[in-house]
A.B. asks: 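Dumping the structure here so I can ask a few things about it.
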Number of protein chains: 4
Amino acid sequence: MSRTDKKQALLDTALALFVSQGFYATSTASIAKQAGVATGTLFHHFSSKDELMQQLFLSIKQEFADAITSQINQQSDLKADTQHLWQVAINWALSNPLKQEFFQQYSMSPSIPSEIRQQAMNSILSFMGELILRGKKTGELADYPPSLMQESCHGQYLAATRYFLDNPNKWQDEIYKQASFSMFWNAMKA
Amino acid sequence: MSRTDKKQALLDTALALFVSQGFYATSTASIAKQAGVATGTLFHHFSSKDELMQQLFLSIKQEFADAITSQINQQSDLKADTQHLWQVAINWALSNPLKQEFFQQYSMSPSIPSEIRQQAMNSILSFMGELILRGKKTGELADYPPSLMQESCHGQYLAATRYFLDNPNKWQDEIYKQASFSMFWNAMKA
Amino acid sequence: MSRTDKKQALLDTALALFVSQGFYATSTASIAKQAGVATGTLFHHFSSKDELMQQLFLSIKQEFADAITSQINQQSDLKADTQHLWQVAINWALSNPLKQEFFQQYSMSPSIPSEIRQQAMNSILSFMGELILRGKKTGELADYPPSLMQESCHGQYLAATRYFLDNPNKWQDEIYKQASFSMFWNAMKA
Amino acid sequence: MSRTDKKQALLDTALALFVSQGFYATSTASIAKQAGVATGTLFHHFSSKDELMQQLFLSIKQEFADAITSQINQQSDLKADTQHLWQVAINWALSNPLKQEFFQQYSMSPSIPSEIRQQAMNSILSFMGELILRGKKTGELADYPPSLMQESCHGQYLAATRYFLDNPNKWQDEIYKQASFSMFWNAMKA
DNA sequence: CATGAATGAGTGTTCATTCAT
DNA sequence: TATGAATGAACACTCATTCAT
């Protein structure tokens with residue numbers, strides 16, 4: 001196992017254990033053991049348990065951002081573009097349930113410094129931010145205060161992924177898929 | 001200090017410390033000390049730290065439910081009733097910022113058994129549930145799957161309170177107040 | 001329940017719990033609760049947990065001594081008298097299994113001050129001591145050092161009660177009953 | 001200090017403290033401190049205080065068994081062999097007073113699971129068991145029930161070691177040494 | 001870099017004992 | 001006397017972190 005492999009194994013194991021048991025209930029020893037390395041090795045790659053958590057948080061955020069970016073191509077009308085983004089984002093969540101659950105659990109938790117959380121949130125919301133701006137200019141979207149709109153969008157996204165994560169087969173049901181987007185879109189519509 | 005006072009002092013102190021430092025970073029000793037009682041006293045009232053957490057969670061949930069119930073009088077048209085409920089709920093959150101923050105932090109956290117969380121969530125959502133049903137019957141609200149609608153409502157409520165908690169003076173601004181309700185209402189509107 | 005009743009209830013309960021769970025694993029609160037009195041009441045009757053233990057130890061010792069004394073009537077020859085004493089003592093142990101087990105467990109334990117234990121042991125052995133003296137004078141018993149003989153007697157008595165306590169029905173079997181006494185007697189015989 | 005040294009130091013210290021203060025009155029912290037290691041180290045070698053106790057019990061039992069086995073050579077007549085065994089066993093007890101006292105104190109105590117105690121007792125008694133069988137075949141020993149005889153042997157052994165431990169110089173006195181064996185042998189003799 | 005035994009401060013929890021009622 | 005809530009010192013045990021190998 002190469003160096004990078006070991007670091008990645010530690011991140012993967014930490015993700016699984018943090019989600020299933022929580023940050024504080026997961027000992028560094030158990031992470032190392034399940035990752036197949038010695039206890040001390042964890043501290044060669046991460047200066048502390050907190051840093052492991054932060055790197056994990058940021059790496060997942062990055063992965064999400066990369067996944068979304070790679071699939072976006074804004075060319076149709078605003079609503080179609082938004083719907084595409086919505087589906088791509090929820091697809092990612094359903095394809096990466098552990099990582100999505102990690103976000104749900106730790107986005108509000110004091111286990112992660114608020115600056116790091118803020119940074120991650122902004123990154124997620126930046127996609128929406130641009131669309132909202134575009135929609136306001138064309139008059140398709142309502143002229144609500146932007147920061148409030150962003151928070152609302154984020155809330156809807158979290159709610160939808162929570163729902164479809166708990167009921168994965170419902171995402172195949174066009175009724176549910178459409179409904180979730182309709183609520184999201186209508187909330188912002190002019 | 002009477003018996004009830006001590007128990008209540010422990011709950012109050014636990015609320016403050018859990019919110020500001022997190023559940024795991026708060027020692028039972030520090031709760032007791034700050035509440036002005038001996039360490040053992042905490043365990044006289046709560047069999048464990050976990051049980052303290054659960055009782056705290058349930059007591060806050062109950063307080064919220066009572067506050068809402070006492071101010072509800074459904075008599076006008078659906079939209080007016082809904083707006084009233086929306087404002088009452090957000091008012092409560094802003095009047096009880098610690099308790100609201102507690103919900104934000106722990107509604108998804110493994111520090112609280114999921115059954116307890118579920119129970120609390122249902123209680124909160126039951127108010128909305130009735131209004132949604134009413135709206136569907138009259139045709140004022142869209143016919144989306146009820147469970148999905150509830151999750152979406154909850155998400156919007158959390159997002160709005162998060163926003164106004166971070167920017168308390170904005171709730172006095174009618175523009176923001178209106179906008180937050182409009183997004184909530186339009187999402188569900190037929 | 002009268003005062004004496006409560007004190008006796010505490011002693012009875014303590015006996016049962018000390019035997020089944022051990023001295024340290026039994027909390028004063030559990031003794032009080034199971035005896036049907038308040039925690040504080042225990043400390044009205046016994047100044048400390050240790051004193052409760054000592055009073056219990058001495059009261060059982062006394063009960064044993066009284067039971068033996070009341071049934072002894074030395075009139076026949078030495079062997080017959082000894083056999084009678086042997087049977088009376090073992091009968092008592094089998095009729096009071098909890099108390100006998102208590103002795104087995106605590107005769108050697110540091111939970112009881114050694115002076116108290118010594119005092120109790122002497123009381124038990126005094127019966128034997130007289131018989132041994134008598135036997136030596138008549139030449140029926142061997143002329144071993146008295147203190148060593150006493151210790152040996154005591155060891156045999158503990159072994160026999162241990163055995164018959166674990167196999168109560170064997171005491172009805174004359175073969176076993178006889179064998180146990182034969183070993184005891186032959187060990188001392190001239 | 002090597003790894004094995006630390007574990008052994010902990011066992012040695014635990015033995016000394018358990019004997020002098022009792023199991024419950026001895027804190028794990030005090031064992032570690034007196035053994036010259038950190039508190040955590042104790043739990044690195046033993047998963048709990050109870051396990052330390054069990055390992056201690058079994059290691060002493062093993063040491064006793066090894067000591068006896070190494071010195072046994074059955075070649076003479078039964079009585080001579082038995083006397084040799086008796087002396088070897090008591091010699092061991094007197095050479096290892098702490099370990100013998102440990103047995104006296106904990107053989108009956110609930111601090112040690114009864115299965116472990118049983119296992120240890122059987123190991124000790126197995127030596128005797130064989131001799132008893134041999135004696136019954138040759139008719140030199142009485143035909144008492146074997147289990148009762150074993151218990152009686154054990155009781156005598158405990159009594160004798162107790163006596164000579166309390167009065168060590170008496171073991172040098174041939175009168176006492178002979179008397180102790182005579183009582184043991186005559187009890188079983190046909 | 002990797003290891004894992006060692007560390008020791010810190011944790012949740014217990015429980016004999018006290019004392020105001 | 002009797003009560004039982006309150007006390008706080010003491011405990012077994014955990015775990016992030018270090019460091020000699």
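A, B, ... follow the sequence lines: proteins, then strands. Residue 1 opens every chain.
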A.B. asks: Indicate yes or no: at least one non-hydrogen side-chain atom of B/E101 is less than 4.5 angstrom from one of B/R162.
C.D. replies: no
A.B. asks: Only Watson-Crick and G-U wobble pairs, only distances under 3.5 Å, only runs of 3 or more: what stems does that leave for DNA chain F?
C.D. replies: E:2-21 with F:2-21
A.B. asks: Quickly work out the D/E51 CD to F/dT14 P distance and round it to whole Å.
C.D. replies: 12 Å
A.B. asks: Whole angstroms only, please: what is the NZ-C1' distance between A/K7 and E/dA2?
C.D. replies: 16 Å
A.B. asks: Can you name the residues that form a ring pair (Phe, Tyr, Trp, His ring centres under 6.0 Å) with A/F64, not counting sequence neighbours?
C.D. replies: A/W92
A.B. asks: Kindly write out the residues that satisfy side-chain hydrogen bond (donor to acceptor under 3.5 Å, both in side chains) with A/S111, not counting sequence neighbours, or none if the list is empty.
C.D. replies: A/S109
A.B. asks: State whether a side-chain donor-acceptor pair under 3.5 Å links A/D50 with A/Q54.
C.D. replies: no
A.B. asks: NA contact type, B/S30, heavy-atom cut-off 4.0 Å: base, sugar-phosphate, or nothing?
C.D. replies: nothing
A.B. asks: Between F/dT7 and B/K33, is there an OP1 or OP2 to side-chain N/O distance shorter than 4.0 Å?
C.D. replies: no
A.B. asks: Could you work out, with side-chain hydrogen bond (donor to acceptor under 3.5 Å, both in side chains) as the rule, every residue matching C/K99, not counting sequence neighbours?
C.D. replies: C/E63
A.B. asks: Looking at D/T26, is its backbone amide N or carbonyl O close enough to the side chain of D/S30 to form a donor-acceptor pair, meaning the two atoms are under 3.5 Å apart?
C.D. replies: no
A.B. asks: Take atom CZ of C/F46 and atom P of E/dC15, then tell me their distance rounded to the nearest Å.
C.D. replies: 20 Å
A.B. asks: Centre-to-centre under 6.0 Å for A/F57 and A/F103, is that the case here?
C.D. replies: yes
A.B. asks: Taking the minimum atom-to-atom distance to the side chain of A/H45, which one of E/dA2, F/dT7, F/dT3 wins?
C.D. replies: E/dA2
A.B. asks: Find the distance D/Q21:CD to F/dC11:C1' and express it as a whole number of Å.
C.D. replies: 14 Å
A.B. asks: Distance check needed: F/dT14 C1' versus D/L42 CG, whole Å only.
C.D. replies: 13 Å
A.B. asks: Going by atom types alone, do C/E51 and C/Q55 pair a side-chain donor with an acceptor below 3.5 Å?
C.D. replies: yes
A.B. asks: Quick check on DNA chain E: between C/A25 and B/A25, whose nearest nucleotide comes earlier from the 5' end?
C.D. replies: B/A25
A.B. asks: Tell me: CG of D/L17 to P of F/dA12, nearest whole Å?
C.D. replies: 12 Å
A.B. asks: Find which nucleotide of DNA chain F each of D/F23 and A/S27 is nearest to by heavy atoms, and output the residue with the more 5' nucleotide.
C.D. replies: D/F23
A.B. asks: Taking side-chain hydrogen bond (donor to acceptor under 3.5 Å, both in side chains) as the test, write out the residues that go with B/T39, two or more places apart.
C.D. replies: none
A.B. asks: Could you go through nucleotides 17-21 of chain F and list every protein N or O atom that sits under 3.5 Å from one of its N or O atoms, giving the distance for each pair?
C.D. replies:
unit_1: F/dT17; atom_1: OP2; unit_2: A/K49; atom_2: N; d: 2.9

A.B. asks: Looking at the side chain of A/V37, which of F/dA6, E/dT3, E/dT7 is the nearest nucleotide?
C.D. replies: E/dT3
A.B. asks: Over how many whole Å does the gap from C/L10 atom CG to F/dT1 atom P extend?
C.D. replies: 13 Å
A.B. asks: Take the protein atom CG of C/D5 and the nucleotide atom C1' of F/dA2, then report the distance between them rounded to whole Å.
C.D. replies: 15 Å
